[in-house]
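Below is one structure, written out as structure tokens, with a few remarks after it.
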Amino acid sequence: EEDLLGDVCREVVEKWSQAQVVEAKEEREDEVQAIASMMEKQARIVVKPREVSQEERQRKAALLAQYANVTDEEEYPCPDPIESHEDVLLRILAALNSQPALFRNTNVEDVLNARKLERELLRDEFQKKKEQDKLQREKDKLAKQERKEKEKKRTQKGERKR
């Protein structure tokens with residue numbers, strides 16, 4: 001019976017391994033089929049080239065010509081180490097505004113205005129916090145005085161009773 005049991009176990013293992021090989025082949029075939037179908041779908045997709053109008057070409061050429069006229073000094077300005085970022089941005093803004101442009105670039109102005117607004121908000125918040133702290137200190141001072149007065153009254157009562 002032990003020999004028979006070993007043979008049965010060996011046969012079960014062989015059948016199981018054969019089934020695993022068949023399943024692996026089927027999975028690979030499924031993967032290959034899925035990849036092939038995706039490639040076919042992608043091959044069917046046709047990208048239409050974007051048509052650029054003559055006006056857009058002229059606008060692009062004018063922009064490129066405008067930026068091509070920048071000298072080395074303007075392209076790589078040597079900033080003064082003492083200057084703040086805002087000063088550098090203002091110098092750049094002045095240089096950009098001095099050149100004739102097809103459109104007005106307001107990015108630098110927007111950034112400067114946003115920073116200015118942020119500083120004002122922070123200043124206001126700081127002022128409010130300062131006032132609140134001052135009021136809190138006054139409240140604490142009054143509460144401390146009241147506690148002292150209550151303690152004084154209690155001690156006076158205690159002395160009178162004696």
Side-chain angles (χ1 to χ4, degrees), residues 16-155:
W16 180 80
S17 62
Q18 288 175 358
Q20 292 297 320
V21 169
V22 170
E23 286 179 16
K25 285 182 183 178
E26 288 176 359
E27 286 178 8
R28 286 188 188 135
E29 289 175 5
D30 290 342
E31 289 175 2
V32 169
Q33 185 64 30
I35 292 171
S37 66
M38 285 192 322
M39 290 174 68
E40 288 174 7
K41 288 178 184 175
Q42 287 180 348
R44 285 187 222 137
I45 298 172
V46 178
V47 178
K48 295 179 183 177
R50 182 174 166 249
E51 295 182 21
V52 181
S53 68
Q54 186 66 23
E55 181 183 316
E56 289 177 351
R57 286 187 196 141
Q58 288 174 350
R59 193 177 313 137
K60 185 176 179 180
L63 278 173
L64 290 174
Q66 177 185 352
Y67 288 112
N69 291 333
V70 175
T71 64
D72 287 340
E73 185 177 308
E74 291 172 340
E75 189 173 350
Y76 303 107
C78 181
D80 193 10
I82 299 173
E83 284 183 319
S84 68
H85 294 291
E86 284 82 16
D87 294 337
V88 172
L89 288 174
L90 286 173
R91 277 194 315 115
I92 292 171
L93 179 63
L96 289 174
N97 285 338
S98 67
Q99 297 176 353
L102 296 175
F103 58 90
R104 185 166 178 234
N105 187 354
T106 60
N107 291 343
V108 176
E109 291 175 0
D110 291 344
V111 169
L112 289 174
N113 289 338
R115 284 187 181 170
K116 202 179 288 184
L117 182 63
E118 185 178 351
R119 279 194 304 262
E120 288 175 4
L121 289 174
L122 288 173
R123 193 177 303 124
D124 291 344
E125 287 177 16
F126 177 74
Q127 192 66 29
K128 285 179 186 176
K129 185 175 181 344
K130 194 175 175 182
E131 290 173 7
Q132 287 176 349
D133 289 347
K134 187 176 180 180
L135 289 174
Q136 187 63 39
R137 280 193 302 270
E138 289 176 9
K139 286 180 184 177
D140 292 345
K141 193 175 181 180
L142 287 175
K144 189 176 180 181
Q145 283 179 343
E146 286 178 9
R147 281 194 301 266
K148 282 184 180 180
E149 289 174 8
K150 285 182 182 178
E151 182 67 27
K152 212 184 249 185
K153 287 179 182 177
R154 258 188 271 139
T155 54

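By the salt bridge (Lys or Arg N to Asp or Glu O under 4.0 Å) test, Glu56 pairs with Arg50, sequence neighbours left out. Legend: residues meeting salt bridge (Lys or Arg N to Asp or Glu O under 4.0 Å) with Glu151, ordered by chain and number and at least two apart, are Arg154. Annotation: salt bridge (Lys or Arg N to Asp or Glu O under 4.0 Å) contacts of Glu120 (sequence neighbours excluded): none. When the side chain to side chain donor-acceptor pair (under 3.5 Å) test is applied to Gln33, no partner is found at least two apart in sequence or on another chain. Considering only residues two or more places apart in sequence or on other chains, Asp133 meets the salt bridge (Lys or Arg N to Asp or Glu O under 4.0 Å) condition with Lys129.
Counting heavy atoms from C-beta outward, Arg59 and Glu55 have side chains that approach closer than 4.5 Å. Looking only at side-chain heavy atoms (C-beta outward), Leu122 and Phe126 stay at 4.5 Å or farther from each other. At a threshold of 4.5 Å between non-hydrogen side-chain atoms, the residues Lys116 and Arg119 count as touching.
Between Arg137 atom CZ and Leu135 atom CG the span is 9.5 Å, to the nearest 0.5 Å.
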Listed pairs under 3.5 Å, donor-acceptor, residues 138-146 side chains, sequence neighbours left out:
from	atom 1	to	atom 2	distance (Å)
Asp140	OD1	Gln136	NE2	3.1

